[in-house]
Amino acid sequence: MSLSLYNTLTRRKEAFLPADPKRVSVYVCGPTVYSRPHIGNARPAVIFDVLVRFLRTGYSVVYARNITDIDDKINAAAEEAGVPIAEIAAENVSAYHDDMHALGVLPPDIEPYATEHVSEMIAMIAGLIESGHAYAKDAHVLFRVGSYPDYGQLSRRDRGQLLDGARVEVAAYKEDPGDFVLWKPSTPELPGWDSPWGRGRPGWHIECSVMAEQHLGRTIDIHGGGNDLIFPHHENERAQSTCAHGGEIFARYWIHNGFVNVHSEKMSKSLGNVVLIHELLEQGSGEAIRLALLGAHYRQPLDWSDAVLRDSQRKLDRLYTSLRDVSDRDDGTQATPSAEFIEALEDDLNTPKALAVLFDLARKVNRAGDSERGLSLARQLRASGEILGLLGADPAEWFTAGDEAALGADEVEALLVQRTAARDNGNYSEADRIRTELKDSGVAIEDGPKGTSWRRIDQMEGEDQTRGR
RNA sequence: GGCUAGGUGGCAGAGUGGUUAUGCAACGGCCUGCAAAGCCGGGGACGUCGGUUCGAUUCCGAUCCUAGCCUCCA
């Protein structure tokens, strides 16, 4: 595998060479569990799922994705709902797992919780104080940014500039306005842990530093997340970990995905445009959502709309059509992805290009008809799709599964028998009447050389191309 | 104000110093009882202004526009 990845630290594509090919370590910042996951949470989960699936074709991989379950927003959500903090967290963890499963995201090897690593965080903070990289003041512990000369390198900011645009007032307990919190005091009603600096709770950044170290070691190969995390989160993680480890490299490759926008605007609660996964799942399949997320290169912004989802649904229809037409002859023989497909992913995970290869394969399968070559191409298509976490469904079921309420599969089959009889008798008006009746119930039919097949028409059919504006 | 991405055909979205992206939509043809699906084919694009070059959508400069970050954020 000759994978190249764009490293945020160096701002260029680099050949990916793991420190230890037998154990590639990947750490991705997971969700803060204060609300249900939205499409923006799904993007890094899907992207890094694909990266890990692809890495596993050449390496042994250990993949950790944390759960941040200590956070002021969780506390706020709990207060608003009038339920215990732990309950809010547990609910949202469960929702996250459900939604990620629906999107075909495989569970990470390790899923550490912040709440289970507090004592290690206290230890790391104490060490940082001891080595002069942090200081305690007024029940807070702060990281001394001036003690780490490389601070700002990841996000390409110098400390002087940072202050110019600072939006917050500088707290009195900070030596330097850029210093950030490692530990802060808790009030009695808030979650807190005893520490040398009093009862309190960890700052956000220290969580990831500690969990990465605990589960993957001092130096990890790949550290990922959304590009909004570059500053301050990853900048601070890097500072903490490097200083805590006596200068050892923290992450060798920093990979960041672009944002999902809605109508060219950032999703936010204040704009009221947050697109939740479980709502999307009522409009389209999880696989279609996944495909939509892979349709743009991971570093590019992705503009979400209903049209994007419907497009993806149709793309899958096309791919599954070609698989369906050979599936009765496929015995499930293992196949390998096409070389072109691999090349696309090797080039900084170019999923749009990889998808184009999938469509090329689908056309070739359709063209090849019943030949042996068609079957082997179809297997190649399926094997390629598997790396993207796509095309894993049974092709026949893909088209017939769905809302049984309107019309059950048995009823459809019965009507098709009637229609075939009518056609055989040359009674085309009756045949067309049945076809119309089926269509009104959301079932489209296709007469082919092997008989008549049917599929449920997706629910978004007929809607306008674009929404709003 | 500082920093970072972008601006590609009707839409989404790759890529490239000269040669087909791909999907959807639309159009013509084949197939079909008619459709659908599929196959074949053609049309249609690189924000603006300059520069480099035999040749630029691609490199360089300027400019306009959009989005994101600047201590809550995936």
Side-chain angles (χ1 to χ4, degrees), chain A residues 8 11 28-32 34 37-45 47-48 71-73 76 145 152 155-158 160-168 170-171 177-181 203-205 224-233 235-236 256-261 264-269 291-292 295-297 299-303 305 307-308 310-319 321-322 324-325 344 347 350-360 362-363 365-367 369 399 423 426-429 431-432 435 439 444-449 452-455 465-466:
Chain A
T8 304
R11 311 276 157 150
V28 173
C29 291
T32 300
Y34 67 98
H38 53 67
I39 189 69
N41 297 306
R43 171 118 101 147
I47 293 295
F48 289 101
D71 189 273
D72 289 348
K73 274 178 296 189
V145 160
S155 58
R156 299 278 162 113
R157 289 158 216 267
D158 66 54
Q161 279 171 1
L162 283 177
L163 305 182
D164 295 341
R167 295 184 301 193
V168 289
V170 177
D179 292 348
F180 57 89
V181 169
W204 173 35
H205 316 299
N227 71 187
D228 58 322
L229 297 182
I230 296 172
F231 190 87
H233 187 50
E235 190 74 71
N236 292 355
H256 293 97
N257 64 271
F259 251 53
V260 180
N261 297 319
S264 304
E265 282 176 324
K266 184 176 168 170
M267 255 190 304
S268 73
K269 280 191 174 168
L291 176 59
H297 184 86
R299 283 192 280 120
Q300 296 299 96
L302 176 68
D303 200 25
S305 68
V308 166
R310 192 200 44 208
D311 251 34
S312 298
Q313 194 82 28
R314 292 188 179 166
K315 287 179 184 183
L316 286 171
D317 284 346
R318 176 169 173 80
L319 296 173
T321 296
S322 62
R324 181 186 60 181
D325 294 345
D347 183 14
N350 192 335
T351 53
K353 202 172 184 181
L355 287 169
V357 175
L358 256 45
F359 288 105
D360 285 337
R363 177 178 294 106
V365 170
N366 294 336
R367 216 185 293 180
F399 293 105
R423 288 178 73 212
N427 187 353
Y428 292 119
S429 62
D432 291 349
R435 180 164 63 195
K439 194 182 177 192
I445 60 180
E446 293 156 15
D447 297 323
T452 301
S453 59
W454 61 278
R455 63 188 179 96
Q465 287 269 355
T466 50

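Labels below follow one simple rule: chain letters A, B, ... track the order of the sequence lines, proteins then strands, and each chain is numbered from 1.
Between the side chain of Thr351(A) and the backbone N or O of Ala354(A), no donor-acceptor pair lies under 3.5 Å.
Residues passing the side chain to side chain contact (heavy atoms under 4.5 Å, CB included) test with Ala356(A), sequence neighbours excluded: none.
Going from atom CZ of Arg43(A) over to atom P of rG68(B) covers 14 Å, rounded to whole Å. One interatomic measurement links the two molecules: CG of Leu302(A) to P of rA12(B), which rounds to 11 Å at whole-angstrom precision. In this structure, CG of Asp311(A) is placed 16 Å from P of rU22(B), rounded to the nearest angstrom. In this structure, CZ of Arg156(A) is placed 20 Å from C1' of rU71(B), rounded to the nearest angstrom. Going from atom CD of Gln300(A) over to atom P of rG7(B) covers 7 Å, rounded to whole Å. If you take CZ of Phe259(A) and P of rU4(B), they are 18 Å apart, rounded to a whole angstrom. One interatomic measurement links the two molecules: CG of Asn257(A) to C1' of rU4(B), which rounds to 15 Å at whole-angstrom precision. The CG atom of Leu355(A) sits 14 Å away from the P atom of rU22(B) (whole-angstrom rounding).
Between Leu291(A) and Leu355(A) there is a side-chain heavy-atom pair separated by less than 4.5 Å. Looking at Thr321(A) and Arg455(A), their side chains never come closer than 4.5 Å, going by heavy atoms from C-beta outward. Between Arg157(A) and Glu235(A), every side-chain heavy-atom pair lies at or beyond the 4.5 Å cut-off. Side-chain contact check for Ser453(A) versus Arg324(A): some heavy-atom pair is nearer than 4.5 Å. When side chains are defined from C-beta on, Asp360(A) counts as touching Arg363(A), because their heavy atoms get closer than 4.5 Å.
For a distance-only test at 3.5 Å, the side chain of Asn261(A) fails to qualify as a donor-acceptor partner of the base of rG68(B). Between the side chain of Asn227(A) and the base of rG68(B) there is no donor-acceptor pair of N/O atoms closer than 3.5 Å.
When the nucleotides rC3(B), rU22(B), rA14(B) are ranked by their closest atom to the side chain of Asp360(A), rU22(B) comes out on top. Of the candidate nucleotides rG15(B), rG13(B), rA74(B), rA74(B) has the atom nearest to the side chain of Val260(A). Distances from the side chain of Asn41(A) to the nucleotides rG13(B), rG33(B), rA74(B) place rA74(B) closest. Checked against rA14(B), rC69(B), rG33(B), the side chain of Arg157(A) finds its nearest nucleotide in rC69(B). Distance from the side chain of Ala356(A) is smallest for rU22(B) among the nucleotides rU22(B), rA14(B), rC24(B). Candidate nucleotides rU4(B), rA74(B), rC69(B) were compared by shortest atom distance to the side chain of Lys266(A), and rC69(B) ranks first.
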**Asked** Given the rule that a pair is Watson-Crick or G-U wobble with both distances under 3.5 Å, how would you write RNA chain B in dot-bracket, using | for pairs to a different strand?
**Response** (((((((..(((.....[...)))..((((.......)))).....(((((..]....))))))))))))....
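Counting any heavy atom pair closer than 4.0 Å across all strands shown, Gly225(A) reaches sugar-phosphate atoms only and no base atom. Among the protein residues, His256(A) comes within range of no part of the nucleic acid, since none of its heavy atoms lies under 4.0 Å from any strand.
The residues Asp432(A) and Arg435(A) are annotated as salt-bridged, a charged nitrogen and a carboxylate oxygen being separated by less than 4.0 angstrom.
Toward the 5' end of RNA chain B, the nearer of the two residues Gly258(A) and Ala431(A), judged by each one's closest nucleotide, is Ala431(A). Toward the 5′ end of RNA chain B lies the nearest nucleotide of Asn350(A), the other residue of the pair Asn350(A) and His205(A) mapping further downstream.
Comparing rG7(B) with rU48(B), their P atoms sit 13 Å apart, to the nearest whole Å. Comparing the C1' positions of rG44(B) and rA25(B) gives a spacing of 13 Å, expressed to the nearest Å. Of the C1' atoms belonging to rU52(B) and rA62(B), the separation is 15 Å, rounded to the nearest Å. To the nearest whole angstrom, the two P atoms, one in rG23(B) and one in rG38(B), are 10 Å apart. Nucleotides rA74(B) and rC64(B) place their C1' atoms 31 Å apart, quoted to the nearest Å. Rounded to the nearest Å, the gap between the P atom of rU19(B) and that of rG6(B) is 23 Å. As rounded to the nearest Å, rC27(B) and rG43(B) have C1' atoms that lie 8 Å from one another. rC46(B) sits 4 Å from rU57(B) when the C1' atoms are compared, rounded to a whole Å.
Across every non-hydrogen atom of Asn257(A) and Pro44(A), the tightest pair is OD1-CB, 3.2 Å. When all heavy atoms are compared, the tightest approach of Leu319(A) to Leu358(A) is CD2-O, 3.8 Å. What you find for Ser322(A) and Val365(A) is that their closest heavy atoms are O-CG1, 3.6 Å.
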**Message:** One character per nucleotide, please: for nucleotides 35-42 of chain B, 5' to 3', B when the base has a protein heavy atom closer than 4.0 Å, S when only the sugar-phosphate does, - otherwise.
**Reply:** BBSSSS--
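An OP1 or OP2 oxygen of rA74(B) is reached within less than 4.0 angstrom by a side-chain nitrogen or oxygen of Thr32(A).
Ring pair His205(A)/His233(A) is tilted by interplanar angle, where 30° to 60° counts as tilted.
Judged by ring centres under 5.5 Å apart and planes tilted less than 30 degrees, Phe359(A) fails to stack against the six-membered base ring of rG23(B).
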